[in-house]
Undergrad: 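Please see the structure below; I have some questions.
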Amino acid sequence: MPCDGDDKESKGRLNAVNIAARVAAMGLAVASAALMVTASQCTVVLPNGAEAHTVTYSDFGPFVYLVVANAIAAVMVGVAIFLSVWKKGSAKCSRVLVPLLDVAAPALLYSATGAAFATSEYMSYCSPGRGRISVCDGTVRGTNNFCSQVHMAMYISLAAAGAVSAAELVKNLTLPFGSSGSDSDSDAGCEHGCHHKH
């Protein structure tokens, strides 16, 4: 059997890692949304001198969804952090809300990131007389920054989803004690490590 002090210490460490993962997820979600929003007003210049066209993230529905989902997820994670560290709050409220937030936040992030990745393969617009023009085509000038920001925002969103999932995994993790040796050895070790005055 582990000492009570050891058990509390291990729970404290896991809780610290859990909070750190949540904070990282919140920061990544905000960064992803901000990066996607700034991917705007990109002017596409075609090599044959055709009329230039301006594209922005808002031209693509899944990119807008990515921004909204990351913003909402950041708020959810922030609320979960607050409920986890607010000792004076209602324990019953935390037990109900935190698991729901832990499920909803990564679900939003994964769905939005998946939709964005699917759309990124077909980023294009309709040009009169030329049909559909791929925004990230290598022959098109002026779109390098736009395409880079869009893809970076998607990867950061995916990292945010992974951080939330990692936080949930750590929260449910239990560190083993006394995995080797007999119970008597464990008891002896506990008696040695935890001094009690009689």
Side-chain angles (χ1 to χ4, degrees), residues 1-38 65-117 149 151-198:
M1 298 293 291
C3 300
D4 291 339
D6 291 339
D7 187 49
K8 290 181 179 179
E9 183 179 357
S10 66
K11 288 181 179 179
R13 290 176 179 174
L14 291 177
N15 185 60
V17 174
N18 173 265
I19 296 299
R22 291 179 191 274
V23 171
M26 183 171 63
L28 288 169
V30 171
S32 175
L35 195 60
M36 183 63 81
V37 167
T38 57
Y65 176 42
L66 183 79
V67 173
V68 175
N70 273 275
I72 295 175
V75 173
M76 288 182 172
V77 175
V79 172
I81 293 173
F82 176 75
L83 292 175
S84 298
V85 301
W86 188 36
K87 301 302 181 182
K88 295 182 179 180
S90 172
K92 183 177 180 180
C93 180
S94 297
R95 284 197 299 268
V96 173
L97 287 179
V98 173
L100 291 177
L101 295 171
D102 286 341
V103 171
L108 266 176
L109 292 171
Y110 281 123
S111 63
T113 304
F117 269 112
Q149 281 191 236
H151 285 91
M152 183 64 69
M154 290 186 290
Y155 283 114
I156 293 176
S157 179
L158 183 61
V164 177
S165 299
E168 178 66 12
L169 179 64
V170 171
K171 185 180 71 173
N172 297 316
L173 184 65
T174 301
L175 293 179
F177 287 94
S179 57
S180 61
S182 63
D183 291 340
S184 59
D185 292 337
S186 298
D187 292 340
C190 188
E191 291 174 1
H192 178 73
C194 307
H195 300 287
H196 300 282
K197 294 183 179 179
H198 299 285

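Predicted model only: the values in this text are computed from it and were never measured.
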Undergrad: Under 3.5 Å, which donor-acceptor pairs do the side chains of residues 97-112 form with other protein atoms, sequence neighbours left out?
TA:
| residue | atom | partner | partner atom | Å |
| --- | --- | --- | --- | --- |
| D102 | OD1 | R22 | NH1 | 2.5 |
| D102 | OD1 | R22 | NH2 | 3.4 |
| D102 | OD2 | R22 | NH2 | 3.1 |
| D102 | OD2 | K171 | NZ | 2.8 |
| Y110 | OH | S165 | OG | 3.1 |
| S111 | OG | Y65 | OH | 2.7 |
| S111 | OG | A107 | O | 3.0 |
| S111 | OG | L108 | O | 2.9 |

Undergrad: Taking all non-hydrogen atoms of both residues into account, name the closest pair between N18 and E168 and its distance.
TA: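 Between these two residues, the closest heavy atoms are ND2-N, 4.4 Å.
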Undergrad: Please tabulate, for side-chain N and O atoms in residues 151-159, each donor-acceptor pair with protein atoms closer than 3.5 Å (sequence neighbours left out).
TA:
| residue | atom | partner | partner atom | Å |
| --- | --- | --- | --- | --- |
| H151 | ND1 | C147 | O | 2.7 |
| S157 | OG | N70 | ND2 | 3.2 |
| S157 | OG | T113 | OG1 | 2.7 |

Undergrad: Would you please name every residue forming a side chain to side chain contact (heavy atoms under 4.5 Å, CB included) with A74, sequence neighbours left out?
TA: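 Testing A74 for side chain to side chain contact (heavy atoms under 4.5 Å, CB included), a comparison that skips the adjacent residues, returns M26, A29, V30.
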Undergrad: Name all pairs fulfilling the salt bridge (charged side-chain N to carboxylate O under 4.0 Å, His left out) condition that reach into residues 72-81, sequence neighbours left out, sorted by first residue then second.
TA: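 Matches after skipping sequence neighbours: none remain.
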Undergrad: Please identify which of these residues, L83, V77, I81, meets the side-chain contact (heavy atoms from CB on, under 4.5 Å) condition with V79.
TA: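 Considering L83, V77, I81, a side-chain contact (heavy atoms from CB on, under 4.5 Å) with V79 is found only for L83.
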